[in-house]
Q: 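Structure below; questions to follow.
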Number of protein chains: 2
Amino acid sequence: MAALGIKDIAALANVSPATVSRVFSAPEMVSKKTLEKVQKVIDESGYRPNRIGASLRTRKSGNIVAIIPDITNPVNAGIIRAIEQKAHTAGYSVLLGDTQGLHEREQHYADLVTHGQADGVLLFCSSIPFKTDPTLNLAQQLPPMVNGNEKIDSDEVVQVAVDNVAAAKRAVKHLIDLGHKYIAAVTGPDDIASSNERLEGYRSALEDANIPLDSGLCIQGEYDVESGMKCAGQLLLLRQRPTAIFCFSDDMAIGVMKFVQKQGFSVPEDISVMGFDDINYAQLVSPALTTVHQPLEEIGGLCIELLLKQLKGEYVEPGRRFLPFELKVRGSTGPAPT
Amino acid sequence: MAALGIKDIAALANVSPATVSRVFSAPEMVSKKTLEKVQKVIDESGYRPNRIGASLRTRKSGNIVAIIPDITNPVNAGIIRAIEQKAHTAGYSVLLGDTQGLHEREQHYADLVTHGQADGVLLFCSSIPFKTDPTLNLAQQLPPMVNGNEKIDSDEVVQVAVDNVAAAKRAVKHLIDLGHKYIAAVTGPDDIASSNERLEGYRSALEDANIPLDSGLCIQGEYDVESGMKCAGQLLLLRQRPTAIFCFSDDMAIGVMKFVQKQGFSVPEDISVMGFDDINYAQLVSPALTTVHQPLEEIGGLCIELLLKQLKGEYVEPGRRFLPFELKVRGSTGPAPT
DNA sequence: TAGTTAAATGAAAACGTTTTACATGTTAAT
DNA sequence: ATTAACATGTAAAACGTTTTCATTTAACTA
């Protein structure tokens, strides 16, 4: 069953390939009569137009590639789902580029667009995986692209995220308001921009409250549950133990909560724990996790929207766009022990 | 900066396009001298071969499409990650088809292969989204495909999953061994094969123990946390309340646990709760969830392996392949109250 | 050296569409 | 009846590769 092509259909229907093509892409410019005739042949033959052929001609693949560190992370999964839905209704398919944090992989997936396999990039990491000529205008060297959830150090790329410094600041303020003075931070890897921004917010909140910054209270984690546990272990060893721990991800927060509870402390009576992200499971652990809500659906949605706009050829103002976060106060934070 | 093609490179290097092509795909059959010459031109010009052009000629897109109900479900996310990794090292990119359980979407994504945009399908749902002629041999009408984690009613398709009936049976036996007699089941949607298989395992375990089947104890959920809560609500209303609840997903189990706890029951003293899947968070709720472990990595890995084999043209024996499950006994199950 | 074989290269067709430029047929206006 | 204008349709080029087959070049053999 050698798949038949547009020419075969044309022959069967006694029209030219051009007409068949128009039946799909511009039916209004073919007469009703021939339209029906061709349609009938198409239906009867089960003809499936080959999109590769079309892509070659139109120079559009109909794909976009989403580059994310780890699909297993609920934050990313939520964003990806939103993207996928909207891309689908816009007629695009999404290629999943799970990098596991490897730059080499970022490169690889970015290459999909330079190789014509994708028309645009959704980038959820903090560096531009394209070789660019620094003497030239950056924006002109980039394909349609939007950076989500992270920060790229350039005001020429369009970016959407939550205001991490404001959000972290708000979170820490919550702890300060509860009377905490020894507030630890469990950060993410230091090559991740969002983590550094959250750290800045943490510092800023302490500064506003005239609480001296104690670098011993800042521990670097890996954003996952295990590293949360590990960091909690380190924090509990401190001579002056923190009364509150602000974690830069819910997973880490859940990890520290588990660990401190296992050590016999109670949350929040002895130690308050705060997360960041508001993944589904944040409400389901005990006690429910106080955290900063990120609007995943909106983030993903805006990213893809802005990308689609670019793909349509519309101009999209570069720069950052902030989406609103929300402090979710639940059971894992409480007044500082006296 | 009109992207330059293989002909331009050929011209620049004073060779034919064929030679340039060979530099990439069969460097061993071009002499060292010309190889270097061409390579130099390629490097200097920053030439990126257009994969669409190549695809058209070779009739291979280099993509595979993974059709899943919901990427937000940790089970699916885990599987997809495994797939993505192996696909990547094999030179394939994966198109993500998140269907939200909609058949129409399954169709759409399956169409990607009939349209040449993907070379094979990984199908994580329980019906074949291709129109097939029932009078003809099924296997010959299907593209390279493997069905994962579900069950399709045909012995002509290659399938990989956990033995759901055995697994569910094992789970219920655990509860029976603890002395439970009133064991409820919170199932998934009844058009999902895996759920029906688990139900069968549940029945079989009861039968073996001579416990009469009480259909009032079987409630249909939606696999997610909310539906778990809802079902728990119904179960607690029963005149003869169950002492154990077996949920067909961890999410639902977490939901019922939350709910029964909120109603003042304690788990497992009053009611034992059992899940299925063993997602990460199963260990992190309180009490930790007893559940059936599914080897996500292995499932995804085997799926993609079998698909790659087919794509290489090798024959793959159709039929089901079972991967081992494992009962994880944790804190949410205990002896039946006396 | 001439003859033979093997290795390296090139010319051109093919993959399946879209689209431009043009041709034909039809209608409306004079 | 003649022409202009328009509606439909067509032929053919183009998109960027790969690959078959023929040809040239290089490398041996006798």
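Just so we're on the same page: letters track the sequence lines, and every chain starts at 1.
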Q: Closer than 4.0 Å, any side-chain N/O of Y47(B) to the OP1 or OP2 of dT17(D)?
A: yes
Q: Classify the nucleic acid contact of F24(B) as base, sugar-phosphate or nothing, counting any heavy atom under 4.0 Å across all strands shown.
A: nothing
Q: Check every strand shown and say whether T58(A) touches a base, only sugar-phosphate, or nothing at a heavy-atom separation below 4.0 Å.
A: sugar-phosphate
Q: When you measure from the side-chain N and O atoms of R22(B) to the phosphate of dT19(D), is any distance below 4.0 Å, counting only OP1 and OP2?
A: no
Q: Using a 4.0 Å heavy-atom cut-off across all strands, classify S25(A) as base, sugar-phosphate, or nothing.
A: nothing
Q: Given dT17(C), dA11(D), dT17(D), identify the nucleotide with an atom nearest to the side chain of A18(A).
A: dA11(D)
Q: Could you tell me the separation between the CD atom of Q117(B) and the C1' atom of dT17(C), rounded to a whole number of Å?
A: 13 Å
Q: Could you tell me if H88(A) and Q85(A) have a donor-acceptor pair between their side chains, going purely by distance under 3.5 Å?
A: no
Q: Under 3.5 Å, is there an N or O donor on one side and an acceptor on the other linking the side chain of R57(A) and the base of dT17(C)?
A: no
Q: Do any side-chain nitrogens or oxygens of S21(B) fall under 4.0 Å of OP1 or OP2 in dT18(D)?
A: yes
Q: Quick one: is dG9(D) close enough that its OP1 or OP2 comes under 4.0 Å of any side-chain N or O from S31(A)?
A: yes
Q: When the distance from CE of M29(A) to P of dA7(D) is rounded to whole Å, what number comes out?
A: 10 Å
Q: Mind checking R51(B) for me? I need base, sugar-phosphate or nothing, with any heavy atom below 4.0 Å counting as a touch.
A: nothing
